[in-house]
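Report on one structure; see the data block that follows.
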Amino acid sequence: MKRRDFIQKAGVGSLAAGAGLAVPQMARAGVQFKWKMVTAWPKNFPGLGTNANLLAKMITQMSGGRIKVKVYGAKELVPAFEVFDAVSRGIAEMGHAGAYYWKGKSASTQFFSAVPFGLTAQEMNAWLYYGGGLELWRELYKPFGLIPAPTGNTGVQMAGWFNRKINSFDDLKGLKMRIPGLGGEVLRRAGGTTVNMPGGELFTSLQSGALDATEWVGPYNDLAFGFHKVAKYYYYPGWHEPGSTMEALINEQAFNELPDDLQQIVLMACKAANLDMISEYTARNNQALNTLVNKHKVQVLPLPDDVLRQLKVLSDEVVNELANTDAMAKKIFDSVTGFRTQVAQWGTISEQAFLRARSL
Ligand code: CA
């Protein structure tokens with residue numbers, strides 16, 4: 001409400017959402033906007049929290065201070081899982097999170113964060129920016145008064161930390177693992193028990209044996225967590241999260257109150273933050289992996305092909321069911337699976353063929 005008061009005092013008059021264009025750009029040029037960004041991460045959390053910090057800093061600097069964005073870590077203003085509602089209601093103008101946290105709002109949000117055996121980071125960006133994905137995401141969030149934008153990607157994650165060897169599909173039976181989202185549903189169907197708990201409890205649960213395994217992100221984040229102290233085997237690849245996308249949530253009314261140039265600055269800063277995160281993870285993951293292997297003597301192991309093959313069958317089943325949730329889910333599913341088919345054709349003779357050639 002403070003923002004509106006300020007604008008009215010500045011003599012601009014009330015701005016109904018959607019009527020923003022009626023206000024002359026000149027009249028709004030001198031207005032300063034103070035935005036709050038609530039996040040689903042602890043303040044300054046490596047990679048995720050720092051991406052939110054970067055995004056806020058870029059918007060503030062690129063706008064010459066005309067938008068000042070202040071970042072709030074989880075629980076500082078609202079708890080992690082209330083970020084969506086807080087931005088939707090205008091308690092904060094922006095949020096930074098992962099879309100799969102909002103599956104209670106709409107199951108389809110899961111298509112915009114991580115789908116087992118889905119798109120890689122580069123493919124996800126291609127779908128979002130050039131394959132109709134972002135339009136669908138905006139359509140999905142429109143009823144909530146939110147504008148989404150991709151703002152980061154972890155790249156392919158690791159399958160996780162295990163205290164049991166996985167030599168066959170049967171070894172997944174009875175496995176107690178922290179693995180959220182669609183991947184968790186797949187593991188349940190494979191006979192595992194999935195446990196959802198906050199990141200802070202994972203370490204002690206692995207140590208006590210309450211958990212046999214956990215996935216988190218990749219070496220860069222996992223090393224910081226210290227999982228190598230409580231788990232023996234580090235499995236790959238992260239079949240369940242091949243290119244997890246982070247999201248910026250923007251309150252639509254707050255966005256519409258911005259002059260055109262500031263709107264572009266907000267969107268372009270999201271795009272720059274999106275590029276920054278995948279670059280940072282790609283650079284830091286292997287440094288961290290070297291530390292895990294050479295210093296901490298972690299055993300890095302591949303999941304057997306047969307295990308992956310069967311997980312893929314179950315994943316297709318789970319994602320197909322998600323597609324049948326409602327008409328919107330079907331529309332997004334058709335878009336993303338159609339895109340995956342065609343981009344995979346190109347990938348086979350480009351990335352995949354080249355990476356094979358490079359390793360000959
Ligand atoms: Ca993960």
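Atoms within a ligand are numbered from 1 in the order they appear, just like the ligands themselves. Computed from a predicted structure; not experimentally measured.
Each of Val336, Ile332, Asp334, Leu128 was checked for a side chain to side chain contact (heavy atoms under 4.5 Å, CB included) with Leu136, and the lone residue meeting it is Ile332.
With a cut-off of 3.0 Å, the Ca ion (ligand 1) has no N, O or S atom of Ile179 in range. Gln157 lies close to the Ca ion (ligand 1), since one of its N, O or S atoms is found at a distance under 3.0 Å.
Ring geometry for Phe225 versus Phe227: interplanar angle under 30°, hence parallel rather than tilted (30 to 60°). Ring geometry for Trp102 against Phe84 counts as tilted: the plane angle lies between 30° and 60°, on a 0 to 90° scale.
Within Glu241, OE2 is the N, O or S atom that lies nearest to the Ca ion (ligand 1). The Ca ion (ligand 1) sits nearest to atom OE1 when only the N, O or S atoms of Glu215 are considered.
Between Lys330 and Asp326 no salt bridge is recorded (no basic side-chain N to carboxylate O distance below 4.0 Å).
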